[in-house]
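Below you'll find the structure, written out as structure tokens, and then a few comments.
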Amino acid sequence: MLGKSLLFAIAFLALLNLIGISLFYLAYPGYIDTGEPNIVIHAWRLLEGYEVYPSFESPERTTNLYGPYIFLLTSIFLFVFGPSIFAGKIAAFLAALSCPLVIFFSQKRRGLIASSIALIFFCEIFVINLPVTIWNRPDIFLGVILAVTVWSVNKAEDGSLNLTILLALLMLLGGVALDLKIIAGIYFIPIAVVIGFRYGWWTWPIVALGVVFVASLPFFFSTFDFNNYLEWFGYIADKPESSENFYKVLRYALFYVLPPTIFAVVAGFRGFSITERAYYFTFLFVIILIIYPAQKPGAGMYYLFPMVPIAIDLSIRFANKCSNQQATYWLFGTIIACIAIVSFPVEKRFINNLKWGESLSVKTEINTILNDYKGFSIEMGLGDKTDSYKYTFLRPILVFSGNPYTLDSSVVMETSFVGIPLAQSTIDILTSCRTSIWLIPRGEEPFGWINYYGVETYDRNFRTEFKRSYFKKEERKYFDIWICKGL
């Protein structure tokens, strides 16, 4: 009894830590990732009727490689609470809180010890993957979807969920997942195998049709152009492999693979049904599949994160089949302790990277510039140094105030890396003064940054036209104000 209570107490503390981290970042007056503001801006502009996926020939180079539902989810809270950095984080915050709770209750049928271990396991993997797990990117949402999927399958296994409802849930969850990240179908392969073995392979085409229907729904609206969306993938597929990333992703894959594998070996596959064996081996197969896109430049180990609900479910299943349960609990405790050791420095580094005073100061300066230059259209530009790039993450403030959104350097970085030039219509915007003012990090060469990929973000032609069309009017603490000569 004491062991159960202690384990539950540890699980509760782990959950409190997760909640604390999530609240901490929700309250933070900025972003620490270049992709976050892009999602928030598109979500806000979606409410105003703007297209999310402009073509490569359009003047705007702002499209990100995410499906419609990430923008729709984020836009709900911008609609309810109004445009703000805080509101743009709420969807991801709620996802971060709901995921561990779903995982806890998905294992509750196996007892308090099992559900507590599942909760601790998830909270530690959550911390190891910081800061991706608190960003508004698709990965935390996919984690929730996979957690609900595992819970649904377990409920159906118990007989407490009707097969028809289960299949309907899989259609809905799979369709939304596919429209969060296009490779999301891979994560569902182990679940699909379980469903096929347990209920019959006839379920596959039925669920697949439902998934396609749900995923296609946003594209019936003009704000989501399906052809422009697909146009991205041919280019991104050409990204080169990275051996450095490969070994890093492979190393982190062990956090997912080792726990279920250890308990499978300890149990000696004793009493494993053919469904459970298939479940385990397809899980391993999917981990291998994910490593390929995860090791490409711009991706990372967080591609594995949505698999954590399945890794937990397999670990608990196999641990329950071990003959010596007391020894099994100690083994689980050892695994959890080892993961905890790895997670502590990750959390400390994340907290230290949040520069509250600086972020507030940059935010204040942008608002002051907006007030000083009322009637002028203002956009966020780019300098030539990596350190100042973080100041541009607050660009949603400009868009929330009704300013144009022509270029997003986080997107231009990707397209320049794969060799897609800016359209001539983008260059023409510079000479037309459509954007009156560009904010450039103080004292830096406009748009001269050699980005993370080691290539010029903006080509020489663009930079030349910019200098020909704009001049530096004044300096502020964080930004130079470059104003169009034609005004």
Side-chain angles (χ1 to χ4, degrees), residues 31 34-64 71 74-75 78 82-85 88 222-225 228 362-363 365-383 389 391-415 421-441 446-447 457-458 462-463 465-473 476 478-487:
Y31 304 102
T34 184
E36 289 182 276
N38 177 272
I39 292 171
V40 173
I41 290 172
H42 274 300
W44 173 245
R45 284 166 59 88
L46 179 64
L47 295 174
E48 298 180 326
Y50 286 95
E51 189 177 0
V52 174
Y53 305 117
S55 74
F56 286 120
E57 299 305 315
S58 71
E60 292 79 20
R61 184 58 59 86
T62 59
T63 303
N64 213 326
F71 305 109
T74 305
S75 68
L78 292 171
S84 69
I85 292 169
S222 59
T223 47
F224 299 107
D225 188 293
N228 291 347
V362 174
K363 183 179 178 181
E365 180 166 302
I366 292 173
N367 284 320
T368 301
I369 292 170
L370 285 169
N371 188 60
D372 292 346
Y373 286 90
K374 286 179 179 176
F376 290 84
S377 55
I378 307 174
E379 288 200 62
M380 182 63 71
L382 188 69
Y389 183 44
Y391 301 150
T392 70
F393 296 174
L394 287 165
R395 54 190 176 271
I397 298 171
L398 298 174
V399 180
F400 291 158
S401 299
N403 287 289
Y405 183 48
T406 307
L407 295 168
D408 192 303
S409 295
S410 69
V411 176
V412 180
M413 186 193 320
E414 297 291 334
T415 55
L422 292 171
Q424 182 57 43
S425 55
T426 306
I427 307 297
D428 294 341
I429 281 178
L430 297 179
T431 59
S432 70
C433 291
R434 193 185 83 168
T435 298
S436 308
I437 292 171
W438 288 88
L439 302 185
I440 305 296
F447 299 98
T457 304
Y458 293 89
F462 178 89
R463 300 199 306 272
E465 287 299 327
F466 180 83
K467 295 290 282 288
R468 186 176 295 155
S469 303
Y470 290 80
F471 72 97
K472 184 166 74 171
K473 186 175 186 296
R476 299 285 175 101
Y478 295 102
F479 296 103
D480 293 336
I481 296 174
W482 286 71
I483 192 164
C484 188
K485 295 176 181 178
L487 295 176

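Please read all numbers here as calculations on a predicted model, not as lab measurements. The residues of the chain are indexed from 1 along the displayed sequence.
- For the residue pair S436 and S377, a side-chain donor N or O sits within less than 3.5 Å of a side-chain acceptor on the partner.
- Between W482 and the options Y470, F466, F471, a ring pair (Phe, Tyr, Trp, His ring centres under 6.0 Å) holds for only F466.
- Judged by distance alone, the side chain of T406 and the main-chain N or O of P59 form no donor-acceptor pair under 3.5 Å.
- Rounding to the nearest 0.5 Å places OG of S75 at 12.0 Å from CD1 of I39.
- Here the closest non-hydrogen pair linking K473 and Y373 is NZ-OH, 3.6 Å.
- A salt bridge links R468 with E465; the closest basic N to acidic carboxylate O contact falls under 4.0 Å.
- Listed for the E365 side chain is a donor-acceptor partner under 3.5 Å among the backbone atoms of Y478.
- A donor-acceptor pair under 3.5 Å links the side-chain atoms of R61 to the main chain of F56, judged by distance alone.
- A donor atom on one side chain and an acceptor atom on the other are found under 3.5 Å apart for S410 and D408.
- Between the S58 side chain and the E60 main chain, a donor and an acceptor come within less than 3.5 Å of each other.
- Taking all atoms of both residues into account, the shortest heavy-atom contact from W438 to M380 is CZ3-O, 3.5 Å.
- Across L430 and C484, no two heavy atoms sit closer than the pair O-SG, 4.2 Å.
- To the nearest 0.5 Å, the span separating CG on N403 from OG1 on T435 amounts to 8.5 Å.
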